[in-house]
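All remarks here apply to the structure that follows.
Side chains included, hydrogens not; waters and symmetry mates left out as well; all remaining heavy atoms used. In listed order, ligands and their atoms are each counted from 1.
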Amino acid sequence: MKKILALVLAFAFIFSFAACTKEPTVSNAHAKKELVMATNAAFPPYEYKEGDSFKGIDIEIAEAIAEKLGMTLVIKDVEFGTIIGGVKTGKFDIGMAGMTVTEDRKVNVNFSKPYATGIQVVIVKEDCKYKSYEEFWSKFDEKGNPAEVAKGIKIGVQQDTTGDIYASDTLDNWGFTADNVICYKTGAEAVQALMTNKVMAVIIDNEPAKSFVKANKGLKIMDAAYTEEEYAIAVSKENTELLEKINKALDELTADGTIKKIIDKYIPAEEK
Ligand code: GLN
């Protein structure tokens with residue numbers, strides 16, 4: 001009798017368990033669709049990690065967009081250089097990483113309306129003998145090339161970023177040529193290379209530059225800026241419906257002041 005009771009209980013347990021495991025499948029049908037965002041969370045104040053959680057301007061704007069779209073935001077922290085390819089193939093729905101709109105990137109993905117601007121700047125050690133990057137080009141050798149650059153100035157950049165593209169450009173385009181550029185996986189690693197004198201300067205976006213200078217003693221941002229850029233969200237060319245929805249959400253979030261509020265939270269007015 002005891003045995004039968006045990007058997008009945010065991011079956012009851014198995015069935016109730018099966019019922020339990022079945023339930024989420026049913027509710028999954030009503031679950032919100034995911035909005036998978038690829039980013040590189042080493043770019044403060046746009047995206048960075050605090051413990052296990054993602055923080056930053058892009059994260060909060062993406063959350064606000066997902067909410068408007070009735071979707072659940074899922075964040076994938078990947079190498080910056082893999083974001084465009086992953087969005088193109090549909091591995092990620094969107095790429096949001098303080099990403100500058102460039103003609104080359106536009107060949108592979110669509111961009112939303114811009115939601116912020118960035119400036120490329122040069123970080124050097126406080127005691128750097130050059131006051132501006134124009135000084136690198138101030139003396140020319142007999143071939144007409146900047147003599148200082150020829151001496152082997154090494155520039156650190158985050159691989160595949162616009163800082164990398166500008167720094168690796170030819171001398172007549174104010175670049176340093178690819179031979180003089182050392183690429184790192186993250187901006188933070190490039191800054192560490194500057195701290196340990198492996199490179200003489202780091203070319204990177206203004207806001208992360210300010211964060212890095214604040215966090216590391218003995219660094220400064222050179223006065224002259226390279227260029228101003230626009231940040232936007234990358235979406236697959238196949239998914240124009242999502243792009244339209246994102247643009248509409250961005251319009252609404254701009255109109256009701258949400259985007260400004262998020263940016264102001266991370267970049268206080270006195271630092272702009
Ligand atoms: N704005 C730069 C770019 O798009 C850098 C972005 C980043 O490092 N996350 O290339």
Side-chain angles (χ1 to χ4, degrees), residues 36-50 54-62 75-88 92 94-123 155-169 173-176 178 181-194 199 201-216 221 225-236 246 259 262-263 266-267 272:
V36 180
M37 160 180 165
T39 196
N40 176 250
F43 196 71
Y46 284 89
E47 42 268 324
Y48 55 96
K49 282 189 99 173
E50 235 174 54
F54 293 102
K55 294 262 152 96
I57 295 169
D58 287 346
I59 310 294
E60 291 203 23
I61 293 178
I75 297 166
K76 305 273 183 205
D77 188 11
V78 300
E79 271 177 31
F80 184 80
T82 65
I83 298 175
I84 295 281
V87 169
K88 187 181 175 177
F92 316 122
I94 60 169
M96 205 171 172
M99 188 176 281
T100 306
V101 180
T102 71
E103 291 308 314
D104 280 354
R105 291 174 184 163
K106 272 173 31 189
V107 171
N108 292 306
V109 292
N110 280 337
F111 277 103
S112 70
K113 296 181 175 181
Y115 60 88
T117 51
I119 302 169
Q120 292 295 313
V121 296
V122 185
I123 312 177
I155 306 293
V157 295
Q158 181 183 1
Q159 193 160 13
D160 298 317
T161 59
T162 45
D164 179 8
I165 295 162
Y166 299 131
S168 306
D169 211 334
N173 270 336
W174 295 91
F176 294 82
V181 175
I182 306 180
C183 293
Y184 296 90
K185 288 243 161 71
T186 63
E189 283 173 60
V191 169
Q192 279 320 302
L194 175 61
V199 296
V202 170
I203 300 179
I204 196 163
D205 303 46
N206 189 34
E207 289 306 330
K210 284 197 276 186
S211 298
F212 292 134
V213 168
K214 216 186 241 177
N216 296 279
I221 296 173
Y226 243 81
T227 176
E228 200 172 314
E229 309 180 322
E230 283 182 325
Y231 294 166
I233 303 169
V235 185
S236 159
I246 287 174
I259 292 196
I262 294 171
I263 294 176
Y266 287 92
I267 309 171
K272 277 186 186 150

- [ ] Start with the C-alpha distance between Gln192 and Tyr184, add both sets of side-chain angles, then the distance that settles side-chain contact (heavy atoms from CB on, under 4.5 Å), and finish with yes or no.
- [x] CA-CA 10 Å; Gln192 279 320 302; Tyr184 296 90; over 6 Å; no
Open item on the list: Val101: which residues meet the side-chain contact (heavy atoms from CB on, under 4.5 Å) condition with it, sequence neighbours left out?
Closed with: Lys106, Phe111, Ala232
Open item on the list: Within the structure provided, determine whether Glu230 and Thr100 are in side-chain contact (heavy-atom separation under 4.5 Å).
Closed with: no
Open item on the list: Looking only at the aromatic ring of each residue, does the gap between the centers of Tyr231 and Tyr46 stay below 6.0 angstrom?
Closed with: yes
Task: Passing option when Asn40 is tested against Gln158, Lys185, Glu47 for side-chain hydrogen bond (donor to acceptor under 3.5 Å, both in side chains) - done: Gln158
TODO: Below 4.0 Å from any atom of ligand 1, which residues have a heavy atom? Give them in chain and number order, please.
DONE: Phe43, Phe80, Ala97, Gly98, Met99, Thr100, Arg105, Gln158, Thr161, Thr162, Asp205, Glu229, Tyr231
Task: Intermediate values then yes/no, side-chain contact (heavy atoms from CB on, under 4.5 Å), Ile259 and Ile262 - done: CA-CA 5 Å; Ile259 292 196; Ile262 294 171; 5.5 Å; no
